[in-house]
Every structure is written in structure tokens, then in C-alpha cells.
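For clarity, every value in this text was computed on a predicted model and none was experimentally measured. To find a chain, count down the sequence lines: A is the first, B the second, and so on, and within it residues start at 1.
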Amino acid sequence: MPIAVRLPDDSVRELPDGATGADLALAIGPRLLDASLAVRVDDHLLDLNSSLPNGARVALVTSKDPDSLEIIRHSAAHLLAQAVKRLFPNAKVGIGPVIEDGFYYDFQIEPFFTPEDLVSIEAEMRKVCEEAHSVSREVLGRDEALARFQAMGELLKVELISDIPADQQISGYRQGDFYDLCRGPHIPNTSKLKAFKLLHVAAAYWRGDEKNVQLCRVYGTAFHTQKELEEHLKRLEEAKARDHRKLGKELGLFSFHVEAPASPFFHPKGTVVYNQLVDFMREHYRREGYDEVITPQALDVSMWKTSGHYEKYQENMYFTEVEEREYALKPMNCPTHCLIYGAGKHSYRDLPIRYADFGRLHRYERSGVTQGLTRVRTFCQDDAHIYCAPEQMKAEMASFFGFIKAVYDTFGFEEMRVALATRPEKRLGSDEIWDLAENALAQGMRDAGIEFHVSPGDGAFYGPKIEFQVLDALRRPWQLGTLQVDYSMPERFGLRYTRADNTEGTPVMLHRAILGSLERFMGILIEHCAGAFPVWLAPVQLIVLPITDRVQDYAATIRDRAHALGLRVELDLRNEKVNAKIRDAQLQKIPYMLVVGDREAAEGTVSVRHRQKGDLGAQSLDAFLAQIQQEVQTRAR
RNA sequence: GCCGCCUUAGCUCAGUUGGUAGAGCACCGCACUUGUAAUGCGAAGGUCGUUGGUUCGAUUCCGACAGGCGGCUCCA
């Protein structure tokens, strides 16, 4: 009985019973067979050698298919494991999944692999490819699978098998001397892998639990062609060149010191950027109806007990004792805002009340987790708390969505990903309250037409969060903003407002930030723009480069006029050639260089050079100043 | 916190059978007066992260600690 399958172009093809994807490919043409990596049957990806069910919709998966990259990466992970087992027979295999941009495989081995080991493992991988092993799948019974991996001594795999749900099929893959537990699908032959590279080795806890043993994780990546692989490696280099820690040093923005680990010291230039960001947010706050407040740094632990931080957040807090009284440095501003709210009596007419705070926060982060500006122990959020009546929440959320979009647009973060982070294990408040809060956020997003995914268990201890993620210039995702609903803290602080009918109500509290932390945002922004800040943020916006001593006075006049307009301007009077001055200004990523010599001094002009556009020719000083001022005022990108 | 790696001049880095160190750039001085990404010459600059140990002798070998990097876990 022949079978019939439907191809993507809607044509129907008859094949003998039991025909596989490979048979189909061959029937269409030998070149297609050669190009095929797997087969898609009714939305499921299967091995090329799987037999096709009658009546199915079938598509051959070649390198053009977006899912094919995942298949070759997964197969590359198996290839890695095979090479490791050959060179290090004692190594036990863990898991080897595909991740963004590549794959990894975990091995239980002592000592861990060295970078030199990686070189020999990669060489062995190439050998396995050349040996052109066919890759075959077999379905295993549960007991059979357990016995087989037990016999192989692969106890981690045994543990995994035990946890596979009873209704799920268990399968194994063989390629030459290597056998692995795997769902698949895989490429049909190891010779199909052409472009891969092992990148680095690191430790990882077995099954992600820090109570478990640490395995040696080998990271690698694979592509269809060597060219794509090389492009990817180039992107990694590019990312390295943009590293904010490197640029921060080169551009004189900030430094770190052993005296205060994981705590940035902002130098004058970094402070300019930092303060510009604060000013920018303040400007928005005035328009959006926020009031700024200033609150203390060290507060009695009794307040942290009221807020719940003492109970749920203690391990991240700094404590100090003075006159037998215990204080904690604030890790968050919210409780202090509750004290301000509670200092007066509020009518429904006063709500919403929006308190913004650029207060310094301290959070004790475990020593291995800090990183540059993106994870520090002291930082400042563009933090605000909105106290409103329950019926005002929807409007507050809607206006916040508009606010956050406007801010991200300014920086060129045009793509936003949104997640709803739901109740964590460590939390305050009843399940009813959490239901209410989670539903409020979800509904608010639906009303605003915002698409989101759910991130279970990632909420704050006092309430669920909406997390706003942006993609930077290299399309790397970063979490920046957040919006959180909190029914607990107003209750714990006994906050009230008087309703129109003269009854007392408890306000809802919204915690929200847009940039996240200024430190972290600055790090991300540096990498986003590769250190070339937009003019409004640039620590030095223009530099005057006199060619000879004869025009020093003219150059100084230009500097003074720019200065009088509030521009951040420098004058390079060093005894250097103009080429050297330009080079240094370029390296400092100063947006505008004004080259002036005898000609410009005589005509009252400036020769403008832009850091990206190059030499723009001579123009009148007035025209140039008007243009740069315009750029600053509009916060042009 | 855990695993691995790293720490030499302001910066970027050299430095092997263990004998107290070198380059480029920057800084300082002198000359040059310069037209869109590095002018030349000279001088100066280091208890080799800290601290124990081994050794006649440690930047080098071993340990502890600190800081950093790559990850894991956690997270703004």
C-alpha cells in the first residue's frame, strides 16, 4: 500500500509504504537529499530517516529552514560528547542542549578541561566528522534505557531517564562508537557538520541546583557554513570591543577600586552622563505628574520588619549598629515613601500620588555575581512609587506604558519585549492578593494591547512584576524597566485614603522604574552606542583644534562662545599636529571637532569634522552653534 | 557563595632550567608651528596584588587572603 504525503507547494506525492524523509528527498532529486538535514511532518521535526505517515504534510528541512540551525547545533553537541568520550573515557555525560548562538555539553570530570584540552577535543570532533558516521535513532523501553545507561556507567543519564514522564517516548541515538540519550532530531550523518568551534569552558551545577555537583560545561557554536561561523566570531569580537568596562576605562568614565568592591566611582566625564540621564528623567517627571522626594540612607530595622524586607530580603542588606540601635542601608526606596505617604491624611482627590526618588541604594550581592556596571552593590534607580485608588490603576498603567516607550525611543531602543513575572516562592501576602495583583497587571497589558509572555516565579517578594526588555544595537536583550503592583506594603504600613463616601480605603502601590538602575543603564547604553554617546549625553560635545599658535585666541573665542551656550566644550592647545589632535578626539568619541587655522580665523568660520561623518567643510561659527544646540535640545540620536 | 582562570609602570602587554625587571603609548622637558586618525629627541616612572612558606636567594615554586575575568546559582 503506497502512502501519499502533501508537500509545502500543496502537491501530493505517492511513496512506497515505510518511505522515509530521505526517500522522499531522493525521489525529488539527489541534490535535495544531499541538502536535507531533517524532515518536518505536521509541525514536528523528525530525523531524515524517519518513515513518513500516510496523509501527512511533509517538508524537507535544509539549511534554509530557520529550525535547521538548532538541529546542527544539537548534533554538534553530540559530536562534542563523542570526541570527549574518546579522549577522556572517564568523563560522564550530563546534558547538551542548544542555546542562543550555540550549544554546550556538561561533563562530569576531574580535573576540568583546560583550554588546551578544548583544542584537542575540537580536533577529534573534526576527525569524527571525516569518518562520516551515520546517525541512527532507536526507541527504548524505560527499563531497557535504564539498564543500558546503567551498564555504560552514565549515572547522570540514568537520573534523567528516571525523571522522564511515563507517557513520553524514550529514544537513543548512535553515531559510530557513541550512544546518547536524546529526543532528537539529528542530522543523518556526522559529515554534515562543517562549521563549528568550541569557545570556552566553565562550571555549572548539575541540573542548575547549587546543592548539586558542578560539572564541566564546554560551550561551542555551529553554523551551516564557515563564512557564517566567522561572521559570528566577528560579532563576538565586536561585542568585546564595545564592552563597557573597557570603554569606561578608555573614555575616562568610571573606575573600580578594591576599597569598595563592585561599587563604581564615576569620574567627571561619567558623572556628566549620569547626571544627564537624571535630568532627562526629571524633565519627564514634571510632565507626567511625579513629585521628587529625598529619603534617608540608613533606617532602623523596625521599618524593614514592617516592610517585610527584614524577613525576605535580609541576606542582600547591609546592617550597622550605632548607640545600640540597629540600622540597615536601604536596598529599595519603597518603605521610605510609605512613611512619607503616611505622614499626612489623604483624600481620594489627592490620588494618585507619585513619589520619585533618585536615592542611593545598597544591596549586598554575593561575591561571584557582580559585573561591571551591570551588577553592582551600590546604585541608583529611576525609582518611583505611585499610590492610587484601585479604580485608577488601569489609567496609571496605560500612561506608564506610554512613558516607558517615549524614553526607550529616545535612546533608539525601539524593540521591547515584555514579561509578566508571577509569584515567587519567597513572598508576602495571601494567594488571593497575588491573584488580584497578577490579574491586574495582565489585564492592564491586554487593555493597552501589549503582547507579553509569562515568567513564572520571577516576581518580587511583595508583588508580581511586568519586566520590560530592550534589544541593543547588537540585538542583545537587556531587562531595564519594571512595573509592579503591590497590595501588601500599603497594608503593612497602614496607609489610608478617604473615599468620596467618607469611608477609608487602602491605596494600591505601583513600583516602577524605566531605566532600571542608572549604573546598569549606563553600562548598557555604552555598549549600545559603542561609547559614541548622542550629543546631548556626550561628556565632551565639541572640541576646538587650533592648527597653529597664531590662532589660539580665535580658538579660545570659539570655546568661550560654546561655553556660554551651555555646551560642553574643550580646547586642545597641545603642541601637536592637527592629525594627532584629531586622532585623540576620535578615540575619545567626541561628536564634533572644530579645526581652525589662519583661514578660519580670517573668515570667522570653523571647519567641522564629525566623528562618524568625517570632514564636513567650513561653515560660519553661528550656523554651527545653532545646529549643535538644536541637536542637544531635541536629544537627537 | 561555588568551579576554573587571571593580577608585572598611568594604560596595553613582554619576561622558563629561581639570581630583585623590559617595550609601546600616555605623563614631564626640549626642538618643530603644523590643514582632517600618531613630528622627532630626551628624561622620569615598578617593595612584579597582599601575606605566609620552601630556598643561600622568589616576579618565577607551594599555601592563604583580596580584587578581577568566564560561567553556574542569584539579580536592577
Legend entry - Parallel, tilted or perpendicular, as decided by the 30° and 60° cut-offs, for the rings of A:His362 and A:Tyr318: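 The arrangement is perpendicular - the two ring planes meet at more than 60°.
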Contacts to RNA chain B from [range], heavy-atom cutoff under 4.0 Å, which residues?
{"range": "residues 354-364 of chain A", "value": "A:Arg363"}
{"range": "residues 600-621 of chain A", "value": "A:Glu600, A:Ser607, A:Arg609, A:Asp615"}
{"range": "residues 538-550 of chain A", "value": "A:Ile547, A:Thr548, A:Asp549, A:Arg550"}
{"range": "residues 101-108 of chain A", "value": "none"}

Going by the rule side chain to side chain donor-acceptor pair (under 3.5 Å), which residues pair with [X] if we only count those two or more places apart in sequence or in a different chain?
{"X": "A:Gln484", "result": "A:Tyr462, A:Thr482"}
{"X": "A:His309", "result": "A:Ser307"}
{"X": "A:His257", "result": "A:Ser255"}

Just call it for [X]: base, sugar-phosphate, or nothing, with non-hydrogen atoms closer than 4.0 Å on any strand.
{"X": "A:Val376", "value": "base"}
{"X": "A:Val595", "value": "base"}
{"X": "A:Asp598", "value": "base"}
{"X": "A:Gly372", "value": "sugar-phosphate"}
{"X": "A:Gln371", "value": "sugar-phosphate"}
{"X": "A:Arg217", "value": "sugar-phosphate"}

Contact list (N/O, under 3.5 angstrom) for nucleotides 60-67 of chain B vs protein:
none

Inset, instruction - Among residues two or more places apart or on two chains, list those pairs meeting salt bridge (Lys or Arg N to Asp or Glu O under 4.0 Å) that have a residue in residues 196-221 of chain A. - result: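 Passing the test, one end in residues 196-221 of chain A: A:Asp106-A:Arg217, A:Glu159-A:Arg207, A:Asp163-A:Arg207, A:Asp209-A:Lys211, A:Glu210-A:Arg366.
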Inset, instruction - Identify, between A:Gln484 and A:Arg366, the residue whose nearest nucleotide on RNA chain B lies closer to the 5' end. - result: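 Nearest nucleotide further toward 5': that of A:Arg366.
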Legend entry - A:Tyr219 ring over B:G71 six-membered base ring, under 5.5 Å and 30°: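 The base of B:G71 is not stacked with A:Tyr219 (the test needs centres under 5.5 Å and planes under 30°).
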Inset, instruction - Would you please confirm or rule out a distance under 4.0 Å between OP1 or OP2 of B:A76 and any side-chain N or O of A:Lys465? - result: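 Yes.
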Inset, instruction - Measure distances between side-chain N and O atoms of A:Arg583 and base N and O atoms of B:A38, and say whether any donor-acceptor pair falls under 3.5 Å. - result: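 By the distance-only test, yes, there is a pair.
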Inset, instruction - Report yes if a donor N or O on one partner sits less than 3.5 Å from an acceptor N or O on the other, where the partners are the side chain of A:Glu467 and the base of B:A76; otherwise report no. - result: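 Side chain to base: no pair present.
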Legend entry - Side-chain ion pair, A:Glu603 and A:Arg599, N-O less than 4.0 Å: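 Salt bridge absent between A:Glu603 and A:Arg599.
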Inset, instruction - State the dot-bracket string of RNA chain B. Criteria: Watson-Crick or G-U wobble, both atom distances under 3.5 angstrom; notation: ( ) intrastrand, [ ] crossing earlier pairs, | interstrand, . unpaired. - result: (((((((..((((.....[..))))..((((.......))))......(((((..]....))))))))))))....
Legend entry - Protein-nucleotide distance (A:Arg375, atom CZ; B:C72, atom P), rounded to Å: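 In whole Å, B:C72 P and A:Arg375 CZ are 12 Å from each other.
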All N/O pairs under 3.5 Å across the protein-nucleotides 39-47 of chain B interface:
residue : atom : partner  : partner atom : Å
B:U39   : OP1  : A:Glu576 : OE1          : 3.1

All N/O pairs under 3.5 Å across the protein-nucleotides 3-11 of chain B interface:
residue : atom : partner  : partner atom : Å
B:C3    : O4'  : A:Gln214 : OE1          : 2.2

